[in-house]
Amino acid sequence: MFELDQLSPSVRSLKPSATLKINEESNQLIAQGKSVIKLGLGQSPFPVPEVVVESLQAAAREKDYLPVKGLQSLRATVADYYKRQTGLGYTSDSVLIGPGSKELLFNLQMACQSDLLIPTPSWVSYAPQAHLLGRKVSYLQVSAENRWQVQPEQLDQYCQENPARTRLLILNYPSNPTGCSYDVGSLKALAEVARRHKLIIVADEIYAETTFSGEFHSLAEFYPEGTVISSGLSKWCGAGGWRLGLMAFPEELRPLQDAMAVIASETFTSISAPTQYAAITAFTPSSAIDAYLDASRKVLKEIAGYMVSRLRNCQLEMEAPEGGFYLFVNFQKWRDALAHKGIESDEALCQRILDEAGVAMLPGSDFGMRPEQLYTRIAYVDFDGSQALSAAGTGITENFMEEYCPRLVKACDALSQWLGDREEV
Ligand code: PMP
Ligand code: GLU
């Protein structure tokens, strides 16, 4: 009835997104009675703040289609939020609401006639989205020595060597998969290069509010005219499944924003009305939201510190993260012992660790690294977020990890044991 060659060429070679696939595989193994610690999908472990849930309940009768660009009062609230954060003059006209930032990122690429420039490593979906649209992807290889940051000279050199192309660059900080971010000095230096070459930069700041220190700066502060901020409710508000994403545009990029609204009007129309009403509460300053963010940052910081120290003790290498819930872990020091066991790629490594140690994680090649570099991404999210949050509200105790994150402790034990077994070979 339908042959594979009837598929559109841009879709034919695509595989399901790695993050979602590992989650389904892990769930299948669990359904078969296997024990799996789920460090694959990067989903917030925390519940949606109670005040936001109450707003959703109160808005359950909102049934009308909403404006394509988003509910006016939500757009105004989001603009105020970014005004406070960046000091820039955002208004409700600057904001676009969509069904997850993933879809907005896709629509932005669709609307903008440009190839895509991304750092390696980057989040799994930027490049496949470009491929779906028949766009070329260029990569800026970043390194652990530079805390995975794009260097201004590197960006400048790329732009000089490729002068003809309009350039769309996506920068994500704190980063998925590394957890690293940019300080003010680096943002300023990148802004200068971007201005010189008239880049359009999507600042994917979906993990901004998870920054452990609570202090965050946006590229938009230093390069307002060319920066689109991308964010949503999925990470800091624990609401991945609510599918609310947003972008904030400068006046200079209004034609791009308007074109995206046309795409929205012909595709998804507008996102769920109750969710948009509830999101107003999420973006309105309140002591409840402050307490929620404060406690979640404390929890994430504690876990990150624990995991980094445990994994470094096993001769694994990684940069200490500043936000988000990821570690980008290198197994190079185990290269020979692993090769001895027939493990020479990151994919084989993840598969064997899943099969033999019951820990699910993703290979670095899903994020653009070469398989033989032996990177893996760990999402440290397999714990009861509600319990951890309420415990952190009264301060992190000494045995917090054992008490509230036993599965993460177990994951470190299992990895350590699995690597120890390799040593005996
Ligand atoms: N950007 C990054 C870096 C991500 O990790 C994710 C994953 N959720 C997204 C964008 C998309 O998030 P959402 O569609 O849930 O807003
Ligand atoms: N962003 C999350 C991750 O990297 C999962 C959701 C997604 O990829 O859409 O694991």
Side-chain angles (χ1 to χ4, degrees), residues 66-118 126 129-130 133 135 166-173 182 187 190-191 194-195 197-209 216-236 243-271 276 279-280 282-283:
L66 292 182
V68 169
K69 287 183 178 170
L71 177 67
Q72 181 61 23
S73 45
L74 172 60
R75 294 173 71 205
T77 308
V78 170
D80 285 345
Y81 168 89
Y82 280 114
K83 252 200 306 217
R84 283 191 304 277
Q85 200 192 77
T86 61
L88 297 169
Y90 292 110
T91 67
S92 56
D93 287 343
S94 323
V95 178
L96 191 63
I97 306 294
S101 63
K102 197 174 196 170
E103 182 69 23
L104 289 177
L105 288 161
F106 182 68
N107 289 357
L108 186 141
Q109 285 205 61
M110 186 186 286
C112 184
Q113 180 56 49
S114 172
D115 291 344
L116 178 66
L117 183 57
I118 47 174
Y126 303 135
Q129 290 190 345
L133 293 163
R135 302 283 163 72
T166 322
R167 287 172 217 92
L168 174 63
L169 167 67
I170 305 182
L171 278 188
N172 164 227
Y173 51 89
Y182 290 90
L187 289 174
L190 285 171
R195 182 165 293 122
H197 296 285
K198 297 192 168 55
L199 299 186
I200 296 171
I201 302 193
V202 176
D204 184 343
E205 299 178 357
I206 195 151
Y207 297 97
E209 289 283 17
F216 177 82
H217 287 279
S218 171
L219 179 72
E221 292 168 48
F222 311 106
Y223 185 46
E225 70 274 26
T227 302
V228 179
I229 297 177
S230 177
S231 188
L233 287 185
S234 298
K235 306 301 171 181
W236 69 267
R243 309 308 300 127
L244 187 139
L246 60 89
M247 284 188 176
F249 293 78
E251 188 83 45
E252 289 83 347
L253 298 180
R254 211 39 59 77
L256 176 61
Q257 180 186 6
D258 289 344
M260 287 175 65
V262 174
I263 295 173
S265 77
E266 298 292 14
T267 52
F268 59 83
T269 304
S270 61
I271 79 149
Q276 295 202 49
I280 295 174
F283 284 100

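The shown structure was predicted, so the numbers you read here are calculated from the model rather than taken from an experiment. The analysis underlying the following values was restricted to heavy atoms, covering all of them including side chains, and did not include hydrogens, waters or symmetry mates.
- Checking Ser218 against Gln85 by side-chain atom types alone, no donor-acceptor pair falls below 3.5 Å.
- Once rounded to the nearest 0.5 Å, the distance linking OH of Tyr223 with CG of Leu187 reads 13.5 Å.
- Residues Leu190 and Leu171 meet the side-chain proximity criterion, which asks for heavy atoms closer than 4.5 Å.
- Closest heavy-atom contact between Tyr90 and Ala248: CE2-CB, 4.0 Å.
- Between Ile263 and Phe106 there is no side-chain heavy-atom pair separated by less than 4.5 Å.
- Across all their heavy atoms, Tyr173 and Leu219 have their closest contact at OH-N, 2.8 Å.
- Summarising the geometry, atom CE belonging to Met247 is positioned 12.5 Å from atom OG1 belonging to Thr227; distances are rounded to the nearest 0.5 Å.
- Between Leu253 atom CG and Asp258 atom CG the span is 11.0 Å, to the nearest 0.5 Å.
- In this structure, Glu252 contributes its side chain and Gly226 its backbone to no donor-acceptor pair below 3.5 Å.
- Looking at Gln109, its side chain never comes within 3.5 Å of a backbone N or O of Leu168 through a donor-acceptor pair.
- Checked for salt-bridge contact, Glu103 and Arg243 miss the test: no charged N lies under 4.0 Å from a carboxylate O.
- Nearest heavy-atom pair, Phe216 versus Glu221, reported as atom, atom and distance to 0.1 Å: O-OE2, 4.4 Å.
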side-chain contact (heavy atoms from CB on, under 4.5 Å) between Ile97 and Leu66, worked out: CA-CA 11 Å; Ile97 306 294; Leu66 292 182; over 6 Å; no

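- Residues Ile229 and Glu205 share a closest heavy-atom pair of CG2-OE1, 3.5 Å.
- Between Ser230 and Ser101, some side-chain heavy-atom pair lies under the 4.5 Å cut-off.
- The backbone N or O of Lys102 sits less than 3.5 Å from a side-chain atom of Gln129, completing a donor-acceptor pair.
- Taking CZ of Arg167 as the reference point, atom OG of Ser114 lies at 8.5 Å (rounded to 0.5 Å).
- Of the inter-residue distances, the one linking Tyr82 atom OH with Ser231 atom OG reads 4.0 Å to the nearest 0.5 angstrom.
- Across all non-hydrogen atoms, the minimal contact from Ser270 to Gln276 is CB-NE2, 4.4 Å.
- Leu244 places a side-chain heavy atom less than 4.5 Å from the side chain of Leu74.
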Residues Val95, Phe283; criterion side-chain contact (heavy atoms from CB on, under 4.5 Å); working and verdict: CA-CA 13 Å; Val95 178; Phe283 284 100; over 6 Å; no

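- Here the closest heavy-atom approach between residue Leu105 and residue Val202 is recorded as CD2-CG1, 3.7 Å.
- The aromatic rings of Trp236 and Tyr81 sit parallel to each other, their planes meeting at less than 30°, with 60° as the upper class boundary.
- Contact annotation: the side chain of Met260 never approaches that of Gln257 to less than 4.5 Å [non-hydrogen atoms, C-beta and beyond].
- Note: Leu71 CG to Ser92 OG = 10.5 Å, rounded to the nearest 0.5 Å.
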